[in-house]
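Working notes, structure below.
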Amino acid sequence: MNAVSALGELLVLFGVFFYFLSALGLIRMPDVYNRMQTATKSATLGSLGVIIGTGIWAVGKGLYWGWITKSIVIAVFILLTNPISAHALIRGAYKSGIPLWKGSVVDRYREALKEKEGGEE
Amino acid sequence: MGEAGKISRYLYTVIVLFIIWLFLTSSLDVQELEIGFVMSLIVAAFSYELFTTNGLRNLHPKRIAYAAAYIPYFLWAMIMANLDVAYRVLHPKRPINPGIVECKTVLKSDVGKLSLANSITLTPGTITLDVMGDRYFIHWIDVKDSTVEGASENITRPFEKFLKVIFG
Amino acid sequence: MIGINIYLALIAIATLMSFYRVFRGPTTVDRLVAVDIMTTITTGLMVLFALYYRRMIFLDVALVYAVLAFLGVIAFARYLEGGI
Amino acid sequence: MVMKRALAILTILLIGYWIALALSHVPFGADKMLVGQYYLNHVKAQTGAVNAVTAVVVNYRGFDTLGEVTVLFIASTGVAALLWRKKRKRTAKTEGSVVLTTGSRLLFPFIVLFGGYIFIHGHLTPGGGFPGGATIATAFLMLYLAFSVYEIPHKGFEITEGLAGMGYVTVGLIGLAIGSYFLFDWIWQSWGWGHSNIGRLFSAGFIPVIYTIIGIKVGTELSGIVDSMVKEGGE
């Protein structure tokens, strides 16, 4: 057990914790928007931790150094795509007419959409 | 800022694709490098029009320096965001106060808007719902200020000072 | 320290936990969000499996899976918005 | 409702138990198939591929693979014929937001490059022409999803597909001319290229060449299928 693989394992552990947090957020939050809030962020950070951690861990175990570069590619891909898919999903949710949670305080988007429709007519 | 010339855009795409290829194959074997170069040339030939509008201007040292400074800042913001999420999820009373607010941005380019939207989505309590021109509609889990200026001050300002330089 | 088997089991449990939301719904978007999270977690699981078998080529599988999962979620989201 | 669901879960568990019971008698890892053992023993010397599956698909069973590619071609033509109507339009009501369009523009070259990576490394990694082509097609699917007016360049795609199909047959015919049979691996067996560097990229005879051709062909065909399926008939 050298320092590099210990660092990798620590990162993996960190990522696993955030995976759990994301699953928990998915279960506990009251409506779809808040679920997305909590789940997407922690799943992305968890993936970063697990994937890059795995790369470092593998190099620490004496495997080929290419592990780390390849895991960086996967991590960057996830970092780029996950927010995009979350954005597409939340937009789809709003457009398909799912109401906000009853405790929500303000909805500027509806006002803006109304304004836009009013302008066109 | 207008579009860069075709050659500049093509070269920029080739360089980026070749770097991605290096990371993907994770090998410095000469054969891999040759095939990678050929592949980058071919793929860039029919995708550079989609890929970039700025061309080689993106490789300006100042932009790269700001991008390098942005990465740790962003990672830090992301970890903070997740601790915030952890607090909200694990707290027995679920302290949330959600709503959709509007922000204005000063960024002009599409790539800048994309990175601002992604940064917003991954940082504390906010997720981008829609972008119309320079108006961002953001679902905020804990609304502190529902006016446009206040929300912009809270959400988009910290990132904009970096992204304005990186993407223009 | 703890060992890779434990991590694999833990990640699998996290996947199952998000599976709960796929079953419960109540709306389609809820299920989709859960599927999105599940695929993200599964990508991490695949990467860890590559280390478990000590085969670097399995990382390619994880990357293909990430690409396909992203496309699937985008397709459903665009469908929800009304037409593709 | 609960009853129905419980019944479904019970059925699945029962079927799973049966399958597990049936498979528990099959010893794991002991392969009784002689031909499989033959492939495993001779694959490196005869084809130079590190990945035995690829060698079987392209080399030993090359003719079948040509058939598969043909089947895929027929499938894509069939889908186009089945869904053909005069004025077919996209049904997208809304344009994707700037985040989605910009994101797909940034990701498009990367996914195409990754598809190329998969089919070029078919003899070294668990990839190959079919997954590589499918990955390339997903890149085009992404553009369809993001933009409401995007269309693939139909003419160019048809020409590329035809050229790729002809290229496959040509490689096979050269094999017939040099060696003794159709799809004879002339690069490896006659010219003997790459005998010294098994496991590096330029090895395994004509497997990378064939896989590149298959990748391009599958990619264009699947993009065509995507195009036919996304559009719907207008008036």
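When reading the values below, keep in mind they use all heavy atoms of this one structure, side chains included, and skip hydrogens, waters and symmetry mates. Because the structure is predicted, anything quoted here is derived from the model rather than measured.
For D/Phe108, the part sitting under 4.5 Å from any heavy atom of chain B is the side chain, from C-beta outward, and nothing else. For D/Leu143, the part lying under 4.5 angstrom from a heavy atom of chain B is the side chain only. Looking at B/Val111, the atoms closer than 4.5 Å to chain D (heavy atoms on both sides) sit in the backbone and in the side chain alike.
For the atom pair CZ of D/Phe110 and CG of B/Leu24, the computed distance is 6.0 Å after rounding to the nearest 0.5 Å. The OG atom of B/Ser47 sits 11.5 Å away from the CD1 atom of D/Ile111 when rounded to the nearest 0.5 Å. Separating the CG atom in B/Asn118 from the OG1 atom in D/Thr102 is a distance of 10.0 Å, to the nearest 0.5 Å.
Ranked by heavy-atom pairs under 4.5 Å with chain D, the list B/Ile42, B/Leu114, B/Leu116 is led by B/Leu114.
Other residues, nucleotides and ligands contribute over 12 non-hydrogen atoms within 6.0 Å of the CZ atom of D/Phe157. Within a 6.0 Å sphere centred on CZ of B/Phe37, heavy atoms belonging to other residues, nucleotides or ligands number 12 at most. The environment of B/Tyr10 atom OH is dense: over 12 non-hydrogen atoms of other residues, nucleotides or ligands sit within 6.0 angstrom. More than 12 heavy-atom neighbours from other residues, nucleotides or ligands sit within 6.0 angstrom of CG on B/Leu41.
Side-chain contact between B/Met39 and D/Ile120 is present, with at least one heavy-atom pair separated by less than 4.5 Å. The shortest side-chain heavy-atom distance between D/His121 and B/Thr25 falls under the 4.5 Å cut-off.
Nearest approach of B/Ala117 to D/Val99, heavy atoms of both residues: CB-CG2, 3.5 Å.
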